[in-house]
Amino acid sequence: MPKIQVYALGGTIAMTPTASGMVPSLGAAELVAAVPGLGELADISAETFATIASANLSFLQIKALCEKASLAQCDGIVVTQGTDTLEETSFLASLIYTGDAPLIFTGAMRTPEQLGADGPSNIYNAVLAACDAEGGVYVVMNGEVHDPWQVAKSHTSSLASFRSEDRGPVGHISEGALYLEVHEQQIPIGIGAAVTELPPVALLPAGAEFDIRILEQVVGLGYKGLVIEALGAGHLSEAWADAAETIAKTIPVIFTSRCASGPVFENTYGYKGAEIDLIERGLMPGGNIKSRKARLLLSVLLTDNALDWESRFLAIKASF
Ligand code: ASP
């Protein structure tokens, strides 16, 4: 039987009721024990890594998890955690995890006590994927397999909340079998063992009538990079474009789109604040990479000052 390591980090999948509301409390062994038939699928080892809401998961925890997962003597790894930040933690793991065994992230939209709780089936499917995938980092939710570079939580409560708007899921689980489409996963960048923190990169959304006061603070606050979630195909007001140009003289500035799908443009609109102008002012178009992923990617690229973030970002963007 395949050997699968399960690490539990908390989240709704592990939450139980208290007088003050639902809180994370269940550990890995309890989560695994609640999944019928799991023992027939794999030889499971379970470890509670953290018991927290996913908003509190830190870079250091994800890095430690990836290091542990790389060393685990097993055929596959499953991580259970809260869904709120799963699109970011799995993406971060896809950048830094260099192990051979597949690393599968999952969670639940419903607590174990709720009718139709999805935690057990998600864990079952994640273990199945961990047994059968040939490597790489994936998100398994609601019977679908998603690429962490694509997936986002799109609904506050739907079981089908996890969606890859641009390209759809890369696989699904049906009748107890994993169907993975042929697709390319990004090669991990890796991160130095000595790195203990990510350089701070700010993410600011643009919108109608947004003033520039927060934008103007970014460099002074010590941010080492900025992602601006621009409008539509990559557009800002003239005031934001002026402020962004000033910032781009000091730190890297990437612009992405606040639209749920589609890349930012690079060569269509010519007015002040549109993508051609932003590029001429020194901003980097983010391509297909979504805002929250671009923020983490830039942070990881900036951990190694010796290397040129710009050429590495361009190469990654071109391959995605
Ligand atoms: N607030 C929870 C968390 O992310 C939500 C969830 O797990 O679905 O920890």
Side-chain angles (χ1 to χ4, degrees), residues 84-88 91 146-156 158 160-170 186 200-219 223-299 301-302 309-310 312-320:
D84 289 349
T85 62
L86 205 151
E87 67 198 59
E88 282 146 297
F91 177 75
H146 293 270
D147 181 344
W149 282 64
Q150 296 278 341
V151 77
K153 184 176 182 178
S154 69
H155 193 281
T156 51
S158 168
S161 176
F162 279 77
R163 295 172 60 92
S164 297
E165 293 289 351
D166 276 318
R167 297 176 197 170
V170 292
Q186 290 290 318
V201 171
L203 166 59
L204 292 179
E209 279 294 316
F210 279 24
D211 69 36
I212 59 166
R213 281 176 293 171
I214 294 179
L215 198 54
E216 284 178 323
Q217 302 300 316
V218 167
V219 175
Y223 285 99
K224 301 287 182 259
L226 169 65
V227 174
I228 297 180
E229 188 174 75
L231 308 170
H235 306 145
L236 297 176
S237 67
E238 296 184 6
W240 267 58
D242 289 340
E245 179 182 3
T246 306
I247 298 168
K249 290 189 166 63
T250 314
I251 58 174
V253 182
I254 293 172
F255 66 95
T256 56
S257 171
R258 72 173 183 175
C259 296
S261 55
V264 290
F265 288 2
E266 300 194 6
N267 198 23
T268 299
Y269 291 98
Y271 59 86
K272 195 175 167 192
E275 75 279 1
I276 294 173
D277 178 48
L278 296 182
I279 293 166
E280 278 168 5
R281 290 165 182 259
L283 276 68
M284 168 71 82
N288 269 307
I289 303 170
K290 298 287 170 268
S291 316
R292 293 185 285 277
K293 319 253 187 205
R295 177 182 155 268
L296 287 167
L297 176 57
L298 182 55
S299 263
L301 290 177
L302 291 174
W309 76 270
E310 200 167 342
R312 291 195 297 159
F313 184 84
L314 282 170
I316 290 167
K317 193 175 81 160
S319 68
F320 176 57

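Residues in residues 248-259 take part in these salt bridge (Lys or Arg N to Asp or Glu O under 4.0 Å) pairs, two or more places apart or across chains: E245-K249.
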Query - Residue pair D277, L236: steps toward the side chain to side chain contact (heavy atoms under 4.5 Å, CB included) verdict - result: CA-CA 10 Å; D277 178 48; L236 297 176; over 6 Å; no

Report task. Take L296 and E88, measure what side chain to side chain contact (heavy atoms under 4.5 Å, CB included) needs, and give me the verdict at the end. Result -> CA-CA 8 Å; L296 287 167; E88 282 146 297; 3.7 Å; yes

Requested in this report: Could you please spell out the steps behind the side chain to side chain contact (heavy atoms under 4.5 Å, CB included) verdict for I289 and F313?
Outcome: CA-CA 10 Å; I289 303 170; F313 184 84; 4.1 Å; yes

Report task. List the steps, then state whether side chain to side chain contact (heavy atoms under 4.5 Å, CB included) holds for I279 with F255. Result -> CA-CA 9 Å; I279 293 166; F255 66 95; 4.0 Å; yes

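Residues F162 and K153 come closest through the heavy atom pair CZ-CB, 3.8 Å. For the residue pair I228 and A244, the shortest heavy atom distance occurs at CD1-CB, 3.7 Å. G282 and A248 make their closest contact through O-CB, 3.8 Å (heavy atoms, listed as atom of the first residue, atom of the second, distance). Nearest heavy atoms, S154 versus S161: OG-O, 2.6 Å.
Between the side chain of K272 and the backbone N or O of A241 there is no donor-acceptor pair closer than 3.5 Å. S237 places a side-chain N or O within donor-acceptor distance of the main-chain N or O of W240, the cut-off being under 3.5 Å. The backbone N or O of S319 sits less than 3.5 Å from a side-chain atom of Q186, completing a donor-acceptor pair. No side-chain donor-acceptor contact under 3.5 Å links S257 to the backbone of G234. When atom types are taken as modelled, the side chain of S261 and the backbone of D166 share no donor-acceptor pair closer than 3.5 angstrom. Proximity of a side-chain donor or acceptor of S299 to a complementary backbone N or O of P200 within less than 3.5 Å is not detected. In this structure, the side chain of E229 does not engage the main chain of L203 through any donor-acceptor pair within 3.5 Å.
Taking CG of N288 as the start and CZ of R167 as the end, the distance is 5.0 Å to the nearest 0.5 Å. Here K290 contributes atom NZ and E87 contributes atom CD; the two are 11.5 Å apart, rounded to the nearest 0.5 Å. The distance from the NZ atom of K293 to the CD atom of Q150 is 8.0 Å, given to the nearest 0.5 Å. A distance of 13.0 Å separates CE of M284 from OG1 of T256, quoted to the nearest 0.5 Å. Taking CD of Q217 as the reference point, atom CG of L204 lies at 10.5 Å (rounded to 0.5 Å).
The number of heavy atoms from other shown groups lying within 6.0 Å of CZ (R312) is above 12. Heavy atoms of other residues, nucleotides or ligands lying less than 6.0 angstrom from CZ of R281 number more than 12. Residue-environment remark: CD1 (I214) stays at or below the threshold of 12 foreign heavy atoms within 6.0 Å.
The shortest distance between side-chain heavy atoms of K317 and P285 falls below 4.5 Å. Using a 4.5 Å cut-off on side-chain heavy atoms (C-beta onward), I247 and Y223 make no contact. Between V151 and L86, every side-chain heavy-atom pair lies at or beyond the 4.5 Å cut-off.
With sequence neighbours left out, the salt bridge (Lys or Arg N to Asp or Glu O under 4.0 Å) criterion links K224 to no other residue. With sequence neighbours excluded, the residues satisfying ring-ring contact (aromatic ring centres under 6.0 Å, His included) with W149 are F91, F320.
When each of I254, L301, V227 is paired with V201, the side-chain contact (heavy atoms from CB on, under 4.5 Å) condition holds for V227 and for no other.
For Y269 and H235, the ring centers are positioned less than 6.0 Å apart.
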